[in-house]
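Every chain is numbered from 1 and lettered A, B, ... according to where its sequence line falls, protein lines coming before strand lines. Only a predicted model underlies this, so the values are computations on that prediction, with no experimental measurement involved.
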2 protein chains.
Amino acid sequence: MLLLREVPQYECLLERSKRYPELDPSAMEAFLHLLRTSSEVFEAFRTMLSRHELSQGRFTVLVLLNRDPETPVNLADLAERSRVTRATMTGLVDTLERDGLVKREHSADDRRMLLVRLTSSGRTYLDKILPDYFRRVTLVMSQLTPDERKVLVSLMGKVQQSLPAIKAGPLPKSTIA
Amino acid sequence: MLLLREVPQYECLLERSKRYPELDPSAMEAFLHLLRTSSEVFEAFRTMLSRHELSQGRFTVLVLLNRDPETPVNLADLAERSRVTRATMTGLVDTLERDGLVKREHSADDRRMLLVRLTSSGRTYLDKILPDYFRRVTLVMSQLTPDERKVLVSLMGKVQQSLPAIKAGPLPKSTIA
DNA sequence: CGAATATGGTAAGGCGGCTTATTATCTGGA
DNA sequence: TCCAGATAATAAGCCGCCTTACCATATTCG
C-alpha cells in the first residue's frame, strides 16, 4: 500500500478544484490523511512482523487459530476471515506448516476438508510476539483520549456506509455538484 | 493490504485482555476499525484504477506529473514522493512510457538524470479518469459533515505523532500498564 | 439413483512491490 | 587535480498476493 508521502495543503486542493470541478477539497483532504496515515501504520506493523519472519497473512492466520486453539479451522474459512483467496491460504498454511507452527488434519465429517490447528510451538511463538504487538497498538492510539477513540470508530462506521457505492462500477455524474 | 474481515466486538477484546494484559481493548478497537476501513477504501480505489489499466503506483506518477505538466521530474524525486524505491520507479516509468503516457528526457544539467514528462496523451488519459476518481472521493466522505472531516484529519495527525515510536525496534515494556 | 452443481483444496503463472548489486556521473576534500 | 564517496538509473531475482484452471468430494434435485 503506497500513497503520496506528503498530503497537499488545503489551499492547493482548493486551487486544483478550479480545474477539476468534481474535486471536493474537504473530502479529498480527509481522504488523503486517512489513507496516508493508515498506510504508514500498516507499514510499521508489517515491518515489525517481518522481524519475526511473519507476513501480515501468516500472522493473521496464527491469530485466528489462537482465538480458540483447540478448535481447528478449515482453509476456506480461514481464507474468508483473513480476506485472502483460498489459493493464497494454501500457500500461507504451507509455509506455516513447514515452520511447524500449524498442522493440517483430515476432517472426519467432510473428506474434502483439511482442518488447520495451531501447534504448541505455534502458540508459544505467537505468545512471544503478541505482547510487543499489543504494546504498539496501545502506543499508536496513545495520543487519543477514550472519547476520541470512540469518535474515530464512529467516523470509520460512516465511511463504511459509503463503501458499497464506491465499489460499484462507473459512477453516474451526480446532478448536484 | 489485508486484515480481518470482521472486527471483534469490544467485549471479546475485553475478554482477550485477561489473557494478554498488554492488550488495551479501546486502543485495539480503534486500531482495527481504522485499518480495516481504510484498507477497504484503498482496495475499492485499487479496483477502480485497475479498470483503467492503472496500478496505484502508475496512477500516482501520472498525478504527480500532472500537477505541473510542463515541468518534467527525475525518477528519484518521483520515487521519493510516491513512496516507492527508485528501482520500482524505473519499472513504473518503463510501462507508462511503453503505453505512451509519459516520456523520458535527458537532463541538460546532470547527465545521470532522466526527466519524466507527461505526454499529451497521458494528460488526456488522466483527465478522463480524474473526474470519476474525485467523485468517488467525495462519495466516500459524503457521510461526514465538514466538522467531522476536520476531526478526522486532526485524529490522523495525532496518530502520526506516535508513528516514529511505533517504527522503532522492540519496545521496552512500559513501566505503567 | 444418478447427474448437475456447489464446494474444498491445490497448482501454475502473473503482477506489483521489494532488495541487492552494477554502472555512470557528479562532488567535495586532501 | 584527482580520487573517494555520494547519487541517478537500471538489472536481476525474491516475495506475497492474485487469477484461473483443475480435481476430489458433497449436495441437490429431476
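One finds no side-chain N or O of A:Arg86 lying less than 4.0 angstrom from the OP1 or OP2 phosphate oxygen of D:dC22.
A ring pair (Phe, Tyr, Trp, His ring centres under 6.0 Å) with A:Phe31 holds for exactly one of B:Phe42, B:Phe45, B:Phe134; it is B:Phe45.
For B:Thr88 and B:Thr85, the side-chain atoms include at least one donor-acceptor pair closer than 3.5 Å. In this model, a donor atom of one side chain and an acceptor atom of the other lie less than 3.5 Å apart for B:Asp127 and A:Tyr20. Between the side chains of A:Thr60 and A:Gln56, at least one donor N or O sits under 3.5 Å from an acceptor N or O. Side-chain atoms of A:Ser162 and B:Gln143 include no donor-acceptor pair closer than 3.5 Å.
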- Note on the structure: Counting primed atoms, P, OP1 and OP2 as sugar-phosphate and everything else as base, the B/S/- map of nucleotides 18-28 of chain C against protein heavy atoms under 4.0 Å is BBB---BBS--
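A:Ser121 contributes a side-chain N or O that, together with a main-chain N or O of A:Gly100, makes up a donor-acceptor pair within less than 3.5 Å.
As rounded to whole Å, 13 Å separates atom C1' of D:dG16 from atom CG of A:Leu96. Distance CD (A:Glu53) to C1' (D:dG16): 15 Å, rounded to an integer number of Å. Between the CD atom of B:Glu80 and the C1' atom of D:dA8 there is a distance of 14 Å, given to the nearest Å. Spacing between atom CG of A:Leu92 and atom P of C:dT10 amounts to 12 Å, rounded to whole angstrom units. Rounded to whole Å, the distance from CD on A:Glu43 to P on C:dG16 is 19 Å. Rounded to whole Å, the distance from CD on A:Glu97 to P on C:dG9 is 13 Å. Atom NE2 in A:His106 sits roughly 15 Å away from atom P in D:dA24 (whole-Å rounding). In this structure, B:Asp94 places its CG atom 7 Å from P of D:dA11, rounding to the nearest Å.
In this structure, B:Gln9 places its CD atom where only 12 or fewer heavy-atom neighbours from other residues, nucleotides or ligands lie under 6.0 Å away.
Within 4.0 Å of B:Arg104, counting heavy atoms only, lie sugar-phosphate atoms of the nucleic acid but no base atom.
When each of B:Ser55 and A:Leu115 is assigned the nucleotide of DNA chain C bearing its nearest heavy atom, the one mapping closer to the 5' terminus is A:Leu115.
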